[in-house]
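The analysis underlying the following values was restricted to heavy atoms, covering all of them including side chains, and did not include hydrogens, waters or symmetry mates. The chains referred to below are lettered A, B, ... by the order of the sequence lines, with proteins before strands, and numbering in each begins at 1.
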2 protein chains.
Amino acid sequence: MKDPDISEVAKQSGVPASTLRYYEEKGLIASNGRRGLKRTFDPGVFEKLGLIALGRAAGFTLDEIAAMMSPDGPRIDRKRLIEKADELDEKIRQLTAMRDGLRHASACRAPSHMECPSFRRILRAATVGRIAAPASAAPGK
Amino acid sequence: MKDPDISEVAKQSGVPASTLRYYEEKGLIASNGRRGLKRTFDPGVFEKLGLIALGRAAGFTLDEIAAMMSPDGPRIDRKRLIEKADELDEKIRQLTAMRDGLRHASACRAPSHMECPSFRRILRAATVGRIAAPASAAPGK
DNA sequence: GCTTGACCTCAAGCTGGCTTGAAGTGGCAA
DNA sequence: TTGCCACTTCAAGCCAGCTTGAGGTCAAGC
């Protein structure tokens, strides 16, 4: 059973070939050779791609993920995981507050939002920076 | 009582002068004149900056925020607010799942994470894209 | 043997939201 | 009056995570 080449990996994982090359360049994955021009990968690459997706979803940067992926299986620092979980807690708290504020503002029948005490309260919170701006809205695809 | 100039606004709002200029360029705020070289602003600029911070926190882009800020007070499309709230709900759901996964992974005593069924389950979820990668980790300043 | 076309490399571009640097200008104090 | 210095403008740079484009290579099919 031949190792999958880059296009097979791309098709099965949904990760574009350009991204796979990029990940290889970054040291996140490694090809185990070539068939002609084409990179081939160990089937274990699918698991790694899953871990990468997971790490990204958790808010780790690619560099952080690379640092956590040791040659033989992922060796993940449990302390870092807890830190990330705490960060997520904080972010969830903020987003929840935002969401409630938005819902209220949409339902509020004050003539203008500025006359609604609840809106003003959340506005004040944003003004003093108690609600952080997100990384960015929705950049990538 | 004189209108505040750019450095006064920067100091009181915590928003850097370069950002204020950038916002003006983008049409998010407007200066009402100059004192010498320095821009001066209507005191209402503080409220606007609050609204901008609020919108950013809610995940609106600066362009979206600009579109919502009409000359006389913010006129916010309630439907957009509800849409954003729904988006936030989804994001909160994902982040919560991630957080739980991280907490579990940090506590799990399986010899390696790959041998933990719970970890594998969340990994599979990430692999098939049911958990989206966030915009980006923590870019800005 | 020759074409086709998917892959290759390398460099540059894109997105959003700013920041930074160079070069210019104006008000105010000495 | 002269010098300082914070402001100004404009263009370019930065971050992450890719994507895109130009130009090259290789295996397979006719």
Side-chain angles (χ1 to χ4, degrees), chain A residues 2-11 13-41 49 51-67 126 129 132-141, chain B residues 2-11 13-41 48-49 51-67 69 126 129 132-141:
Chain A
K2 293 187 302 182
D3 286 336
D5 69 26
I6 189 169
S7 41
E8 288 156 357
V9 173
K11 189 178 297 181
S13 68
V15 178
S18 64
T19 305
L20 293 174
R21 278 190 289 269
Y22 178 68
Y23 283 176
E24 187 185 8
E25 191 183 309
K26 282 235 133 190
L28 287 158
I29 59 177
S31 74
N32 61 5
R34 300 279 174 128
R35 254 201 312 277
L37 273 184
K38 295 166 149 180
R39 289 155 174 78
T40 57
F41 293 93
L49 289 174
L51 284 168
I52 293 168
L54 183 61
R56 296 264 304 118
F60 290 97
T61 66
L62 292 184
D63 285 345
E64 287 175 314
I65 294 167
S136 100
K141 66 179 328 188
Chain B
K2 292 186 304 182
D3 286 336
D5 69 26
I6 190 169
S7 40
E8 287 157 358
V9 172
K11 188 178 299 182
S13 67
V15 177
S18 63
T19 304
L20 293 174
R21 277 191 288 269
Y22 177 68
Y23 283 176
E24 186 184 10
E25 191 183 307
K26 281 235 136 189
L28 286 157
I29 57 177
S31 75
N32 62 4
R34 300 279 174 127
R35 255 201 312 277
L37 273 184
K38 295 166 148 179
R39 289 156 173 78
T40 57
F41 293 93
K48 284 206 171 185
L49 288 174
L51 284 168
I52 293 168
L54 183 61
R56 296 263 304 117
F60 290 96
T61 66
L62 291 184
D63 285 346
E64 288 175 313
I65 294 168
M69 307 244 271
S136 106
K141 75 180 328 187

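Contact annotation: B:S7 reaches the phosphate of D:dC7 (side-chain N/O to OP1 or OP2, under 4.0 Å). For D:dT19, the OP1/OP2 oxygens have a side-chain nitrogen or oxygen of A:T19 closer than 4.0 Å. Between C:dA11 and A:R21, no contact under 4.0 Å exists linking OP1 or OP2 to a side-chain N or O. Side-chain N/O atoms of A:Y23 include one lying less than 4.0 angstrom from OP1 or OP2 on D:dC18. Between C:dC7 and A:R39, no contact under 4.0 Å exists linking OP1 or OP2 to a side-chain N or O. Between C:dG16 and B:T61, no contact under 4.0 Å exists linking OP1 or OP2 to a side-chain N or O.
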- [ ] Could you give me the CA-CA distance, side-chain angles and deciding distance for B:L49 and B:L28, then say whether side chain to side chain contact (heavy atoms under 4.5 Å, CB included) is met?
- [x] CA-CA 9 Å; B:L49 288 174; B:L28 286 157; over 6 Å; no

TODO: May I have the step-by-step check of side chain to side chain contact (heavy atoms under 4.5 Å, CB included) for B:V9 and B:I29, ending in yes or no?
DONE: CA-CA 12 Å; B:V9 172; B:I29 57 177; over 6 Å; no

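Applying the salt bridge (charged side-chain N to carboxylate O under 4.0 Å, His left out) criterion to A:E24, with sequence neighbours excluded, gives A:R39. Applying the salt bridge (charged side-chain N to carboxylate O under 4.0 Å, His left out) rule to A:K26 yields the partners A:D63; only residues at least two apart in sequence or on another chain are considered. Every side-chain hydrogen bond (donor to acceptor under 3.5 Å, both in side chains) that B:T40 has, sequence neighbours left out, goes to B:N32. Listed by chain and residue number, A:D5 satisfy the side-chain hydrogen bond (donor to acceptor under 3.5 Å, both in side chains) test with A:S7 (two or more places apart in sequence, or in another chain).
The side chain of A:P16 lies closest to D:dT19, out of C:dT19, D:dT19, D:dG17. Closest contact between the side chain of B:I6 and the listed nucleotides C:dC18, D:dG17, D:dT8 involves D:dT8. Of all nucleotides listed (C:dC18, D:dG17, D:dT8), D:dG17 comes nearest to the side chain of A:L62.
Note on the helix from C:dG1-D:dC30 to C:dA30-D:dT1: angle between the axes of the first and last five pairs equals 30°, rounded to 10 degrees.
Of the residues in residues 24-34 of chain A, those placing a heavy atom less than 4.0 Å from an atom of DNA chain C are A:R34, in numerical order.
Within the 3.5 Å criterion, the main-chain N or O of B:L37 finds a donor-acceptor partner in the side chain of B:R34.
Here the CZ-CG distance, from B:F41 to B:L20, works out to 5.5 Å after rounding to the nearest 0.5 Å.
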Between protein and nucleotides 24-29 of chain C, what N or O pairs are separated by less than 3.5 Å?
none

